[in-house]
Amino acid sequence: MKQADLPAKYDASQVEDKWYAYWLENKFFHSEPNDKEPYTIVIPPPNVTGILHMGHVLNNTLNDVLIRKARMDGKNACWVPGTDHASIATESKVVAKLKAQGINKEDIGREEFLKHAWEWKEEHGGIILQQLRKLGCSCDWDRTRFTMEPALSEAVINTFVYFYKKGWIYKGVRMVNWDPEALTAVSDDEVIHKDTQSHFYHLKYYISDGQGHPTDKYLVIATTRPETIMADAAICVNPKDERHFWLKGKKVLIPLINREIPVIEDDYVEMDFGTGCLKVTPAHDVHDYEIGLRHNLPVLEIIDDHGKLNEKAQILVGEDRFVARKKIVKMLEESGNLLKVEDYTSPVGYSERTDAVIEPKLSAQWFLKMEKLAATALETVESGRTNFIPEKYVNTYRHWMENARDWCISRQLWWGQRIPAYYLPDGSYVVEATPEAALKAAQAINPAIKAEDLKQDEDVLDTWFSSWLWPISVSDPEKPGHPEHQPNKDLAYYYPTNDLVTGPDIIFFWVARMIMAGEEFMGKEPFSNVYFTGIVRDKLGRKMSKTLGNSPDPLKLIAEYGADAVRIGMLLCSSAGNDIFYDESQVQQGRNFCAKIWNSFRLIQGWTVDDSAPQAEASALAVKWFRDQLSRTIETVEDHYSKFRISDALMTIYKLFWDEFCSWYLELVKPAWGAPIDRATYDATLSFFDALLKLVHPVMPFITEELWQHLAERKEGETIMYAATPKAQAYDAAFLERFDLAREAIVAIRGVRAQKNIPPKEALDLKVKASFPQEMLPVVAKLAGLSGTEVVADFGDTAMGVALLVRTAELFVPLTGLVNADEEIAKLEAELAHKKGFLEGVRRKLSNEQFVAHAPEAVVAVERKKEADALSAIESIENQLKALRK
RNA sequence: AGGGGCGUAGCUCAGCUGGUUUAGAGCGCUUCAGUCACAUUGAAGAGGUCAUCGGUUCGAAUCCGAUCGUCCCUACCA
């Protein structure tokens, strides 16, 4: 027997690396433009220093399923991989590493620091791409890109210059979210608001006598940030607030430092919040800044970049803002300005990266105007040129696009593309792609300028300012920033890409901005479909995180269960847009599926074929049935794929393989132990197995490739990867119906066995009435363990066996001495009651004239059929009861 | 505070434009099965008033409204 060829157990670790190497050697993942239809995916580039976590596994498994499916569908599939330089994340890692060596970033300077950063990148960068190979990802590695490689950095710089010259990039003083730990501004989107326990301090501000001395009158403000009072520029009340009319035109004194500030009026102040008096601190609060603009208030910054009070604060200079808060409260208490302290919970912004409390800070930053870009990008999605799956994210997207604020694109970091603005000694600046061009431009202003006089802007650009070009720049980095540039061959062929798989958390950061860049530079959406995955959570619904330690190491899982099993484990629970509740038992289920596939092939492989053996009736029926069942299922699978219901597609394939093929088909055609199988059945079985492997391949690439080689002699360079997806053929639906009826009959007879404790080996007899499709009797006989079947007009003494009703077909299993009439009567009565209830419901419907008048004919016909079937069922049950009660 | 999603078997979810659904799947659970591909198995079975209330309709898990629960997003009232 050939069975010896195949190990008894499937060992993924013995198989996966071998095939991945084979695929690489043969360049199966590589794509070049040709005359076939392209199918393109760009990877959501993971952080260059990142390591594989479960979120990546989910995302990249989905990507790989789509790309492998497209490849087998005959498209020219190209999956472009790469990594993102991730300026903040990478820089903070390098800073931490240097810190551990006692090195301070500022001490070594920009150039030296960048050397360390590149070293770090060389060492750790791309680990994650190696890990993706373990997962089986069929990326075109020859096309691997990095967002900070020279060509892509140039694209970023060109883009900046392009928008600057278009007048959409401007430098502005803005209130930004300052992270005092990372020493950088972070975007609104990188701020997480958390409810935080704090206090509400009620402070007395005395009215000034006009000479800078306090009178005995005072007003009360309520604040959570008493350490900022030294930066107050005014006290503001609502002009409609009668309680504060007396304050009009007055000046008050800031406690402790006795600086005089005016009382002003502005609608912004809520009358019923706090005391109705608001201290206005333009330098340290976003809203106050805006009030300040309206009322021309001076801006006094008293907190420095590190979150410490500076000399302008006059008191508590050099103290950290939180220490200063504690100390100033004490001082205010001592000076008699503290009226009361309330407990108060308020939302406070924290930095996503460092978890430091965000300090609103005035800062010179670069901005990109969003108005037009956002309007276009909104239209792209609303017009359906780009679809979101699931659709619900269109709402979120619309909300963002309609309220998009200008994009702060500068970051106070070193790791990233440096802003190409060059300052002249007089403070003016020019924006050019290269220092040479900048010098030229500067000399146009002032001919005396030399290269060394120009100082380039210290800031780098936001990482997203490079990743938004990704779908374009991976193919043709020359294109961004150059509308006149003719797309190169790759860009012309691969753009727009087809599908993007990503998380909804970066819908605005990345997805929206890619659409903006795509529309701006290509005049076309960058992808047709965006499939949003959920967040991977543990069984308890917690987000996976390092600190909780609830995130398994995907590589360990792959080592233990195999990549195919891990892929299945992720896909089993991954309906689009819903969070994923991951549990290792799902991976075990995937591993079990591998074992099932493996063992089913061992069975087939063990058969000996006898060319002269006739095909058994049951086998002939099984072959016809499975061929039809396969076609019907392929239709369903294709439908699921077309709607991005990947886990449904997987489940459909899973059931086709396990239930239909293994439990029904193979059991039907399986020859007696040691007996040979006929040629027709054997060949059909192999062709079914071949089709099944192809269906399974996109989700389980390794085991399918391994088994596919055993199906036929394989020549070097052949692969299941490029085998065509099986197509659905026309099938006989009525035949499938009759076969299903047979299956129900088999289940019913097995039920009788279980109930009566009849061992499987003990053969039974079966009588059926003519309403049962007789062609199916060989099938029923084989799988229900029957020694004989007989078509009769009358079952005779029904007390001598068990009568069964399968849909409307009547069956009878003669059983001598095993039947308890009372039990049978009770069972039948229960069934009768159920049928009668059902009939009643149907009749209520049918006797309703409105129903008959309004419902479509087909629906009414269905109800009539239900009625007829129920009546015939009731009749036969009643007959059986009558016979039993004799 | 505003916006959105979700609430169907123990768990995770299908159920697409209301009508062959007095509701389905996978896992889990219960019972039985041991040398014949597979115990990483097979067979049989139990399990849900579709969150609650009201409305529209001949007909509602499905549409509408309210309530409760839950999650997410946006904003932040000092």
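The chains referred to below are lettered A, B, ... by the order of the sequence lines, with proteins before strands, and numbering in each begins at 1.
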So [X], base contact, sugar-phosphate only, or nothing? Heavy-atom distance under 4.0 Å.
X         : value
Ser600(A) : base
Val747(A) : sugar-phosphate
Glu270(A) : base
His854(A) : base
Lys643(A) : base
Thr281(A) : nothing
Lys596(A) : base
Ala595(A) : base
Lys655(A) : sugar-phosphate
Pro856(A) : base
Cys236(A) : nothing
Arg591(A) : base
Tyr10(A)  : nothing

Checklist line | Ring centroid separation His202(A) to Phe200(A) under 6.0 Å | finding: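 When the ring centroids of His202(A) and Phe200(A) are compared, they turn out to be within the sub-6.0 Å range.
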What nucleotide among [options] has an atom nearest to a side-chain atom of [X]?
X         : options                   : answer
Val859(A) : rG4(B), rG19(B), rA37(B)  : rG19(B)
Val862(A) : rA37(B), rU20(B), rU74(B) : rU20(B)
Arg405(A) : rA78(B), rC73(B), rA75(B) : rA75(B)
Asn395(A) : rG4(B), rA37(B), rG26(B)  : rG4(B)
Arg602(A) : rU20(B), rA37(B), rC73(B) : rA37(B)

Under-4.0 Å salt bridge between [X] and [Y]:
X         : Y         : value
Arg225(A) : Glu359(A) : yes
Arg807(A) : Asp869(A) : no
Arg632(A) : Glu635(A) : no
Glu342(A) : Lys340(A) : yes
Glu660(A) : Lys655(A) : no

Measure [atom1]/[X] against [atom2]/[N] and give the value in whole Å, please.
X         : N       : atom1 : atom2 : result
Gln755(A) : rU31(B) : CD    : P     : 17 Å
His640(A) : rC13(B) : NE2   : P     : 17 Å
Asp648(A) : rG26(B) : CG    : C1'   : 11 Å
Ile507(A) : rG3(B)  : CD1   : P     : 19 Å
Asp583(A) : rG26(B) : CG    : C1'   : 14 Å
Gln589(A) : rG28(B) : CD    : C1'   : 10 Å
His399(A) : rC72(B) : NE2   : P     : 18 Å
Met651(A) : rA25(B) : CE    : C1'   : 7 Å

Report yes if a side-chain nitrogen or oxygen of [X] is closer than 4.0 Å to either non-bridging phosphate oxygen (OP1 or OP2) of [N]; otherwise report no.
X         : N       : value
Arg645(A) : rG15(B) : yes
Asn592(A) : rU41(B) : yes
Ser663(A) : rA43(B) : yes
Arg750(A) : rA33(B) : no
Trp658(A) : rG42(B) : yes
Tyr654(A) : rC27(B) : yes

Check: Counting N and O atoms only, with roles assigned by atom type, does the side chain of Arg321(A) sit under 3.5 Å from a partner on the main chain of Ile303(A), one being a donor and the other an acceptor?
Finding: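 No.
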Notebook entry, point to check: For Lys9(A), does the NZ atom have more than 12 heavy-atom neighbours from other residues, nucleotides or ligands under 6.0 Å away?
Noted result: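 Count not over threshold, so no.
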Margin query: Does Lys782(A) have more than 12 heavy atoms from other residues, nucleotides or ligands lying within 6.0 Å of its NZ?
Written below: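 Yes - once you tally the heavy atoms of other residues, nucleotides and ligands closer than 6.0 Å, there are more than 12.
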Suppose you measure atom [atom1] in [N] against the same atom in [M]; what distance do you get, rounded to whole Å?
N       : M       : atom1 : result
rC27(B) : rU41(B) : P     : 9 Å
rC64(B) : rU70(B) : P     : 24 Å
rG54(B) : rG5(B)  : P     : 24 Å
rU21(B) : rU62(B) : C1'   : 12 Å
rU67(B) : rG24(B) : P     : 34 Å
rA39(B) : rC50(B) : C1'   : 36 Å
rA66(B) : rG2(B)  : P     : 13 Å
rC13(B) : rU74(B) : P     : 23 Å

If [N] has a Watson-Crick or G-U wobble mate with both distances under 3.5 Å, name it; if not, just say none.
N       : value
rG59(B) : none
rA1(B)  : rU74(B)
rC13(B) : rG24(B)
rU41(B) : rA33(B)
rC6(B)  : rG69(B)

Check: Just checking, is any N or O donor in the side chain of Asp232(A) or Tyr205(A) under 3.5 Å from an acceptor N or O on the other one?
Finding: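 The criterion, which ignores hydrogens and geometry beyond distance, is satisfied for Tyr205(A) and Asp232(A).
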Check: Starting at the 5' end of RNA chain B, which residue's closest nucleotide do you reach first, Pro760(A) or Arg225(A)?
Finding: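 With Pro760(A) and Arg225(A) compared, the 5'-side residue is Pro760(A).
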Margin query: Both His287(A) and Ala672(A) contact RNA chain B. Which one's nearest nucleotide lies toward the 5' end?
Written below: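 Of the two residues, Ala672(A) wins.
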Notebook entry, point to check: Looking only at N and O atoms, is any donor in the side chain of Glu667(A) or the base of rA37(B) less than 3.5 Å from an acceptor on the other one?
Noted result: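 Yes.
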